[in-house]
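Report on the following structure.
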Protein chains: 2
Amino acid sequence: MTARSTNTGEGSGAHDPHRDIPEATVARLPVYLRALTSLAERNIASCSSEELATAAGVNSAKLRKDLSYLGSYGTRGVGYDVDYLSYQIAREIGVTHDWPVIIVGIGNLGQALANFSGFSSRGFRTVALLDAAPQMQGQAVAGLEVRPFADLAEIVAAEQVSIGVISVPATAAQDVADAMVGAGISSILNFAPAVLSVPPGVDVRKVDLSIELQILAYHESRKAAESAEAAATVDNGSEEGITA
Amino acid sequence: MTARSTNTGEGSGAHDPHRDIPEATVARLPVYLRALTSLAERNIASCSSEELATAAGVNSAKLRKDLSYLGSYGTRGVGYDVDYLSYQIAREIGVTHDWPVIIVGIGNLGQALANFSGFSSRGFRTVALLDAAPQMQGQAVAGLEVRPFADLAEIVAAEQVSIGVISVPATAAQDVADAMVGAGISSILNFAPAVLSVPPGVDVRKVDLSIELQILAYHESRKAAESAEAAATVDNGSEEGITA
DNA sequence: CGGAGTTTGTGACTGCGAGAACAAACTCGC
DNA sequence: GCGAGTTTGTTCTCGCAGTCACAAACTCCG
C-alpha cells in the first residue's frame with residue numbers, strides 16, 4: 001500500500017511549500033485572509049488556530065491542515081502571527097500586488113461591480129469598463145469612462161490584463177468570452193447564466209445568482225415537506241401513502 | 001450496531017425518489033433545468049443524456065447519475081422528454097410555484113439584484129426591498145418602494161417569506177441575519193463578505209465576489225510561475241506549446 | 001534547568017463524489 | 001416477431017476532502 005508512486009517528480013520532502021495546494025484549500029485561503037485582516041484591524045497581533053478558525057467559520061483542524069500546505073508559519077504552543085501569516089497567504093494567492101481587471105457589460109450588475117469597493121481593497125484594480133451599447137459609451141461609472149467593446153484587445157494588451165469579468169446577458173456571454181480569450185485573458189469570472197466553453201489553460205469561475213436561490217429553495221421545500229410529514233405522522237405511521 | 005437509528009423514516013427500498021439527494025447533485029439540478037429551458041425554447045422536445053450534458057457543461061455519466069436520484073424519468077434507447085424532465089426537476093427543487101423573496105440593503109448591488117430578471121423568471125418573486133438608510137426609503141427601485149428595515153418582521157409574516165437576500169455592508173450583515181431569523185426566515189443568500197452565524201435549521205449560502213477573484217488570481221499566479229519556470233528549463237524536454 | 005501546559009503540524013481513517021463500464025430496456029427495420 | 005442498435009440506470013473503483021487524534025515543539029513558571 002505504499003502509494004508513494006503517484007507524485008510527479010522527485011519525492012524530495014513531505015510537501016514542497018510551492019506545489020499542489022488542494023482546490024478546496026485554495027477556496028478557503030481568501031476567507032482566512034479576510035479573517036486575519038479583520039483581526040489586524042482590531043490590533044490583534046497573534047492568534048491561535050482555534051480563534052482564527054472561529055473567525056473564518058471553519059473547523060480548527062481543517063484550518064491547520066490548510067495552512068500546513070503553505071508551510072509551517074505558526075509556532076507551536078503560541079499560535080500564528082497575524083501580519084506574518086497574512087502576508088504569507090497573500091503571497092501564496094498572489095495578491096501582494098494588484099491585478100488589473102476589466103469588466104465587460106455595464107448594466108445594473110456591471111455598475112454594481114464597478115462600484116464595489118471590495119475589489120479594489122483586496123488586490124484588484126478595475127482598469128476598464130466596456131459595453132457594446134453605443135448609448136453607454138463615454139458615460140462615467142465609478143470614476144471610469146465606459147469604453148466600446150471593440151477596444152477590448154487594445155486595453156488588455158496595454159494594461160497587461162489577465163482577469164476579466166463578464167456581466168452581460170447570457171446570449172452574449174460566449175462571444176465576450178471568446179473575445180477575451182483571443183485578447184489574451186486567461187481567467188474569467190462569469191456572472192452570465194450561461195455555460196462558457198474556453199480552451200484549456202483558461203480558468204472560468206461562475207457566479208450564478210438564481211442557481212444559489214434555487215438551491216436554497218430546494219432545502220426550503222424539504223424543510224416544509226419534513227415538517228408536514230412530521231405533522232402527519234403524529235396520528236399515523238403511514239408510509240404507504242405514496243401512490244404512483 | 002444496526003445503524004438504523006440515524007435516519008428519519010423507514011428504509012424502504014434502494015432509493016426512495018424523495019430522499020437523500022446528494023448536495024453536489026442539488027447544486028447541478030438548476031443547471032440542468034436551465035439547459036432544458038433553453039432546449040425547450042428551441043422547440044426541442046426530447047434529448048439524450050449526452051446532448052443535455054453538453055448543454056449543461058457536465059459529463060453525461062454524471063448527469064444520468066444525478067437524474068437517477070430523482071427517479072427514472074428517461075426512456076432507454078430514446079432519451080428524455082424535455083418538458084416532462086423540466087417539470088420533474090422543477091418539482092424536486094420546489095420551483096413549480098414562486099417563492100417570495102425580500103432583499104435587505106438597497107445599495108448598488110441590492111439595486112442590481114432587484115432589477116435582475118433572472119430571479120423572477122426562475123421561480124422567485126421579490127416582494128419587498130428594505131434599507132435602513134432614511135434617504136432610501138420611499139424611493140422606487142425596480143417598481144418596488146424601498147421600505148424601512150424595521151418593517152422586516154411585518155413583511156415576512158404578511159407575505160410568508162422564507163428566503164432573504166442580504167446585500168448590506170459586512171458590518172451590518174450579522175444584525176440583518178439575526179433579524180431575518182427572528183422574523184421567521186430560514187434561508188439566507190448572503191452577499192456581504194462576513195461569516196454569519198445562524199441557528200440550526202437555517203440555511204445560509206454565501207456569494208463572495210472578491211473571493212472568486214482571489215481564487216482566479218491564485219491560478220493566474222501559478223500559471224505565471226509555471227511559464228517562467230518553463231522558460232528557465234528551455235534546454236530540457238519542452239512540452240507542448242499552448243498556441244496563444 | 002526541568003516539568004507542566006499549550007498549540008501546531010501531520011498521519012490515519014472515513015465518507016462522498018467523479019468517472020468508467022456494463023446490464024437492462026426500448027425502438028426500428030425487416 | 002425478432003435481432004440489431006441505441007440509450008438509460010446502476011455498479012464498481014478510485015481519488016479527494018473532512019475529521020480525529022496524537023506526537024513534536026514551544027513557552028512559562030518554579
Side-chain angles (χ1 to χ4, degrees), chain A residues 1-8 11 13-17 19-29 31-32 36 44-82 84-85 88-89 92 215, chain B residues 1 3 6-7 13-17 19-29 31-32 36 44-82 84-85 88-89 215:
Chain A
M1 308 286 185
T2 60
R4 185 66 62 88
S5 62
T6 54
N7 59 2
T8 58
H15 59 89
D16 211 312
R19 289 278 165 218
D20 255 23
I21 296 185
E23 196 55 37
T25 296
V26 171
R28 282 188 294 266
L29 288 180
V31 181
Y32 303 153
L36 285 166
I44 298 174
S46 122
C47 67
S48 69
S49 66
E50 193 68 42
E51 293 168 301
L52 183 54
T54 303
V58 301
N59 189 302
S60 71
K62 181 153 52 175
L63 178 129
R64 287 199 302 276
K65 200 173 207 178
D66 284 341
L67 294 185
S68 76
Y69 289 116
L70 312 188
S72 287
Y73 295 134
T75 307
R76 300 180 188 212
V78 178
Y80 300 93
D81 182 272
V82 171
Y84 182 57
L85 184 59
Q88 293 299 339
I89 293 179
E92 189 68 39
I215 295 172
Chain B
M1 291 301 185
T6 53
N7 59 2
H15 60 96
D16 212 312
R19 289 276 167 220
D20 253 22
I21 295 184
E23 196 55 36
T25 296
V26 171
R28 282 188 294 266
L29 289 180
V31 181
Y32 304 152
L36 285 166
I44 298 174
S46 126
C47 66
S48 69
S49 66
E50 193 67 43
E51 293 169 303
L52 184 54
T54 303
V58 301
N59 189 301
S60 71
K62 181 154 51 176
L63 179 129
R64 288 199 300 276
K65 201 179 206 177
D66 285 341
L67 294 184
S68 77
Y69 289 115
L70 312 187
S72 288
Y73 295 134
T75 308
R76 300 179 187 212
V78 178
Y80 299 94
D81 182 273
V82 171
Y84 182 56
L85 185 58
Q88 293 299 340
I89 293 179
I215 294 171

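Chain naming here is simple, since letters A, B, ... match the order of the sequence lines and numbering starts at 1 in each.
- Protein atom OH of B/Tyr32 is 15 Å distant from nucleotide atom C1' of D/dT8, rounded to whole Å.
- At whole-Å resolution of the value, CD1 in A/Ile21 and P in D/dA17 are 12 Å apart.
- The nearest whole Å value for the distance from the CG atom in A/Leu85 to the P atom in C/dT7 is 16 Å.
- Whole-Å rounding puts the A/Leu70 CG to C/dG9 C1' distance at 13 Å.
- In this structure, the CG atom of B/Asp81 is 13 Å from the P atom of C/dT27, given to the nearest Å.
- Checking C/dT7, D/dG9, C/dT27 against the side-chain heavy atoms of B/Val78 singles out C/dT27 as nearest.
- Considering every non-hydrogen atom in both B/Asp81 and B/Tyr84, the closest pair reads OD1-N, 2.9 Å.
- When the side-chain nitrogen and oxygen atoms of B/Tyr80 are compared with OP1 and OP2 of D/dG9, one or more of them lie within a distance under 4.0 Å.
- Taking only distance into account, the side chain of A/Lys65 meets the base of D/dT19 through a donor-acceptor pair shorter than 3.5 Å.
- The nearest whole Å value for the distance from the CG atom in A/Asp66 to the P atom in D/dC16 is 16 Å.
- When each of C/dA25, C/dG19, C/dT8 is scored by its nearest atom to the side-chain atoms of A/Ser48, the top-ranked nucleotide is C/dT8.
- Side chain of A/Ala24, nearest nucleotide from D/dT8, C/dA18, D/dA17: D/dA17.
- Comparing D/dA17, D/dG9, D/dA23 by their nearest atom to the side chain of A/Arg76 picks out D/dA23.
- Close to D/dT7, at under 4.0 Å from its OP1 or OP2, lies no side-chain N or O of B/Ser49.
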*Could you go through the side-chain contact (heavy atoms from CB on, under 4.5 Å) check for A/Tyr80 and A/Ser49 one step at a time?*
CA-CA 7 Å; A/Tyr80 300 93; A/Ser49 66; 3.9 Å; yes

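- Checking the phosphate oxygens (OP1, OP2) of D/dG18, a side-chain nitrogen or oxygen of A/Arg28 falls inside 4.0 Å.
- The shortest non-hydrogen separation linking A/Ala56 to A/Tyr32 is CB-CD2, 3.7 Å.
- Using modelled atom types, no side-chain atom of B/Thr25 and backbone atom of B/Ile21 make a donor-acceptor pair closer than 3.5 Å.
- Atom C1' of nucleotide D/dT7 and atom CG of B/Leu63 are separated by 13 Å, given to the nearest angstrom.
- Taking atom CD of residue B/Glu23 and atom P of nucleotide D/dG18, one finds them 14 Å apart after rounding to whole Å.
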*For the pair A/Glu23 and B/Ile215, evaluate side-chain contact (heavy atoms from CB on, under 4.5 Å) and give the outcome as yes or no after the intermediate values.*
CA-CA 9 Å; A/Glu23 196 55 37; B/Ile215 294 171; 4.0 Å; yes

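- Nearest-nucleotide positions on DNA chain D place A/Arg64 closer to the 5' end than the other of A/Arg64 and A/Thr75.
- One axis for each end of the helix from C/dC1-D/dG30 to C/dC30-D/dG1, each built from five base pairs, and the angle between them comes to 0° at 10° resolution.
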_Stepwise side-chain contact (heavy atoms from CB on, under 4.5 Å) test for B/Val58 and B/Leu52_ = CA-CA 9 Å; B/Val58 301; B/Leu52 184 54; over 6 Å; no

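- In terms of modelled atom types and a separation under 3.5 Å, the side chain of B/Thr75 and the main chain of B/Val78 share no donor-acceptor contact.
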*Run the numbers on B/Leu36 and B/Leu85 for side-chain contact (heavy atoms from CB on, under 4.5 Å), then give the verdict.*
CA-CA 8 Å; B/Leu36 285 166; B/Leu85 185 58; 3.8 Å; yes

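- In this structure, B/Asn59 does not reach the C/dG17 phosphate: none of its side-chain N or O atoms is under 4.0 Å from OP1 or OP2.
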